[in-house]
Amino acid sequence: MSAFQTLVWRNQALVLLDQTRLPGEVVYLECRQVETAAQAIEELVVRGAPAIGVAAAYGVVLGALEALEQERTLFRRHLQETVARLARTRPTAVNLFWALKQMEEVIAAGDGLDNRQLSDCLLAKAKAIHAEDEAICRRLGQHGAELLRDGFKILTHCNAGSLATAGYGTALGLIYAAQAQGKRIEVFADETRPLLQGSRLTAWELQQQGVAVTVICDNMAAVVMRQAPIDCVIVGADRIAANGDVANKIGTYGVAVLARAHQIPFYVAAPISTLDLSLAQGAQIPIEERRPEEVSQGFGRTTAPAGVGIYNPAFDVTPSELVTAIISEQGIARPPFAAALSQWGGRGSAG
Ligand code: MRU
């Protein structure tokens, strides 16, 4: 569907569309080393919960290729170190740990295999996770599109589209599915400070797909909800606790509060790999804190005086009371969420 590829495995390398350079430049980064892939995840060359999971799975394959000629024990130790390195990249998106756990299961099941055979099995698994993610997003989009009517004006935050997944999107997947059904949809994209995933990435990919999009600064959301008016908010998620509390990009919680104040439905679209049923509630979700320079030196400009305190959490938690529905590849869950989420199975449990 997309004119671009978020990530692809080519010639024994993980090739990533460098999202730090969008929308100005469309350039790809080739990762042949685990360390290159790990830093690409840390620096948001690849970002978005499902895409991080797929990239990490391929990262384990890079680890296997790096140590292919080593003696068996050293090879397997290198695989363990690779998984540990990738697990340290970003703490909030549970899809990362979900994907790494699947790769570890392949390693454990391949006890009798030689290095080359195990490496081939790991690549097959990473490719399966990659292909499955796109299929899951398409199913999720079909379910969620039922909620959207012709002429809807939708507000979204951050980027939960093709760029954040293997290629279709979660929140934006609903919009693509609705558009494919002939519904006209208009999107308002919060710019999403401090790293501007909304204005740089969401606006860019919606424009590529021919969806009408208007970028707004984060502090305009309330007035746009009233004036447009907005018919619903749709966001993605990095981790969803057993009670339906949702961790997503910083600012999502504020948008949910505003949506409630304006009586606008607030929808969360996420694959089951984003559920973490091992956590009873959102307060237990680890929240990544990023470098202060992302706020004080925004895109190379001095945007705060030297020496002031800076707080830069990358995510926040929206309490389930503010969530109208959660859409996954299994269907649409409405509050109270615990029973439906538990039935969906919690395949994303970091456990
Ligand atoms: O820091 P990022 O850009 O990785 O944050 C991404 C988000 O918060 C997305 O909304 C979330 O991962 C869902 S992606 C389908």
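Just so you know, ligand 1 is whichever comes first in the structure, and atom 1 is the first atom listed for that ligand.
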Considering non-hydrogen atoms only, spot the tightest contact between Val213 and Leu206 and give its length. CG2-CD1, 3.8 Å

To check you understand the geometry: which heavy-atom pair defines the closest contact between Lys249 and Thr192, and what is its length? CG-CG2, 3.4 Å

Side-chain ion pair, Glu134 and Arg138, N-O less than 4.0 Å: yes

Hey, are Asp276 and Ser278 close enough side-chain-wise for a donor-acceptor pair under 3.5 Å? yes

What are the polar N/O contacts of ligand 1 with the protein below 3.5 Å, with distances?
residue: ligand 1; atom: 1 (O); partner: Arg90; partner atom: NH1; Å: 3.4
residue: ligand 1; atom: 1 (O); partner: Arg90; partner atom: NH2; Å: 2.8
residue: ligand 1; atom: 1 (O); partner: Lys249; partner atom: NZ; Å: 2.8
residue: ligand 1; atom: 3 (O); partner: Arg47; partner atom: NE; Å: 2.8
residue: ligand 1; atom: 3 (O); partner: Arg47; partner atom: NH2; Å: 3.2
residue: ligand 1; atom: 3 (O); partner: Gln197; partner atom: NE2; Å: 3.0
residue: ligand 1; atom: 4 (O); partner: Gly48; partner atom: N; Å: 3.0
residue: ligand 1; atom: 4 (O); partner: Arg90; partner atom: NH1; Å: 2.8
residue: ligand 1; atom: 8 (O); partner: Asp238; partner atom: OD1; Å: 2.9
residue: ligand 1; atom: 8 (O); partner: Asn248; partner atom: OD1; Å: 3.2
residue: ligand 1; atom: 8 (O); partner: Lys249; partner atom: N; Å: 3.2
residue: ligand 1; atom: 10 (O); partner: Asn248; partner atom: OD1; Å: 2.7
residue: ligand 1; atom: 12 (O); partner: Ala49; partner atom: N; Å: 2.8
residue: ligand 1; atom: 12 (O); partner: Asp238; partner atom: OD1; Å: 3.2
residue: ligand 1; atom: 12 (O); partner: Asp238; partner atom: OD2; Å: 3.0

Side chain of Asn312, backbone of Arg291: donor and acceptor closer than 3.5 Å? yes

Can you pull the ring-ring contact (aromatic ring centres under 6.0 Å, His included) pairs that have at least one residue in residues 38-58, sequence neighbours excluded? Trp9-Tyr58, Tyr58-His130

